[in-house]
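Below: the structure, in structure tokens.
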Amino acid sequence: MFCSFCHQNDNNLARKTSFDSTRKDAFAKAKAMVIKMKDSPAAKRHSSADITVKKISIASKNGLLYNNPVLVQGVALAPAIVASTSLQNAVALSIALLFVMLPTVIFASAVKLRVEKWLRVFLYAFIASVFYMPAYLAVVSFYPQAKFNLGVFLPLIVISSVIYNRCEKCALKNNMAVSVADALSNILGFSFVLCVVGSIREIFGNGTLWGMPFLIIGKMPALLLPFSGFILIGFFAAFVQKLLAKNTPIATDTKKEEPDA
Amino acid sequence: MHNLLQILGEFFVFALSAIFIENAIFSRALGASRALALAKRRRHIGIYGVLLTVITTAASFISWAINQISIDIFQITMLEPLIFITSIGVVYLVAYILIRRLWPKMFESIGYYLPIATFNCAVMGGVLLAVHQDFTLVQTLGFGFGTGIGFTLATLLILDGLDKLEGKKIPQAFKGLPLMLVYIGILSLAIYGLIGHQLPF
């Protein structure tokens, strides 16, 4: 039995059947078979499910490195640069993003283009700010100083451009499973970058990790300032770009995808 | 007359501090991602800047008014974004309807930029900072106005860097986003040298 969707074994089948009939006939038979199988509802279901699984597997990998929200897409820079001064801050921001982003993306993939753009953008922010309440409670439950250490950056996660970008670029075009996988991978990529940058800045800038004294070589308080965040993230982005330049095929595709203004 | 001058002076002091010292992008990275994306569409920086300035000023006025009416709401930190998004949304709705009704020709060019200029970290960050620091009405308006102008000027500065930082001598790994981030970081260091201490956030 050959696969009717990839057409790879078409020729083999033709060769086998050419024993009892001419080649032309064999091809005609094979073609008819392909058409028959393509039209059957089972095959259609099979193929669409296949595509969805493929899309999910691509989407769930993309956000981690190839299309990392902070390092490659260049979105959600404000929390990544200024507020990632400690590991606790990084984890708090990631959890807040998880709580806020998932419902928004689900909403976006549910309504698709039925709502006009000018209203849609407001609704993203509104839904995110409604789900900010459980997010805030979750963050405060393990990190009570969040309000003072994160300042305006915790509420600002609500209109972070990573949410807008993922809703407009992925959730509007794909079904719910793909867009949720995409959102989860983006959140993971975001939290990975924040945790790495946050722990580096906390260890070398403050001499602590998760609030405990850790590996005190000598403090560099300048690491806690915004400008060092810019430069650190810049160097990390360069590192990722170097890494992606070696595995070109996916990297070139993702690099062309620039964030919407 | 003397009073008016004093009020004007206060307004411009806060606007100037928001433009240069507390610049949205260089000192707090508010809206940095939008600014980086916007710098590539150089023609539209002006439109975007005007929209952002007007909306920030109006939204900070509304949130100041809400803050005056009931200060208790802001004690509940959970509700903060909901209130701010609603007040920004009201300004957005009014601006949308006004522009669409009064200047339909202008709407064609602005329509695309209005939503992304409104729901922006710089707008909400400016409004939030003004409320967190308990500014008066004049100070709030000045701060909001300055945030918008500061964002626009910073974007122009980034555009300037974008033009100059395209050469063959630049290593492949740093081309594009990484180098722009390092460039903004160095500018931010310069502004930090001007202030000398970390700003509250």
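Letters go in sequence order (proteins before strands), and every chain restarts at 1.
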**Message:** To the nearest 0.5 Å, what is the distance between OG on Ser129(A) and CG on Leu82(B)?
**Reply:** 4.5 Å
**Fill in**
For Val82(A) and Arg28(B) the tightest heavy-atom approach is CG2-O, 3.0 Å
**Complete:** Between the CG atom in Leu128(B) and the CZ atom in Phe153(A), the distance rounded to the nearest 0.5 Å is 10.0 Å
**Message:** Report which part of Leu154(A) has an atom under 4.5 Å of a heavy atom belonging to chain B: side chain, backbone, both, or neither.
**Reply:** neither
**Prompt:** So how far is it from Leu225(A) CG to Ile195(B) CD1, rounded to the nearest 0.5 Å?
**Reply:** 9.5 Å
**Message:** Please classify the contact of Leu224(A) with chain B as side chain, backbone, both or neither, using a heavy-atom distance under 4.5 Å.
**Reply:** backbone
**Message:** Shorter than 4.5 Å, heavy atoms on both sides: which option in Val182(B), Ile186(B), Leu187(B), Val123(B) has the most such pairs with chain A?
**Reply:** Val182(B)
**Message:** If I measure from the heavy atoms of chain B, does Ala76(A) come under 4.5 Å with its side chain, its backbone, both, or neither?
**Reply:** backbone
**Asked** Distance from His132(B) atom NE2 to Lys147(A) atom NZ, nearest 0.5 Å?
**Response** 7.0 Å
**Request:** Considering only heavy atoms and a distance below 4.5 Å, find which of Ser188(B), Ala29(B), Pro81(B) pairs most often with chain A.
**Result:** Pro81(B)
**Request:** Specify whether Tyr192(B) and Phe227(A) have parallel, tilted or perpendicular ring planes, treating 30° as the upper limit for parallel and 60° as the lower limit for perpendicular.
**Result:** tilted
**Request:** Calculate, to the nearest 0.5 Å, the distance between atoms CD and CD belonging to Gln172(B) and Gln241(A) respectively.
**Result:** 7.5 Å
**Item:** 4.5 Å side-chain heavy-atom contact, Glu80(B) and Tyr136(A)
**Value:** no
**Message:** Is Val140(A) in contact with chain B via its backbone, its side chain, both, or neither, using a 4.5 Å heavy-atom distance?
**Reply:** neither
**Request:** Measure the spacing between CG of Leu232(A) and CG of Leu181(B) and express it to the nearest 0.5 Å.
**Result:** 11.0 Å
**Asked** Can Arg34(B) be said to sit on top of Tyr164(A)'s aromatic six-ring, NZ or CZ under 6.0 Å from centre and within 45° of the ring axis?
**Response** yes
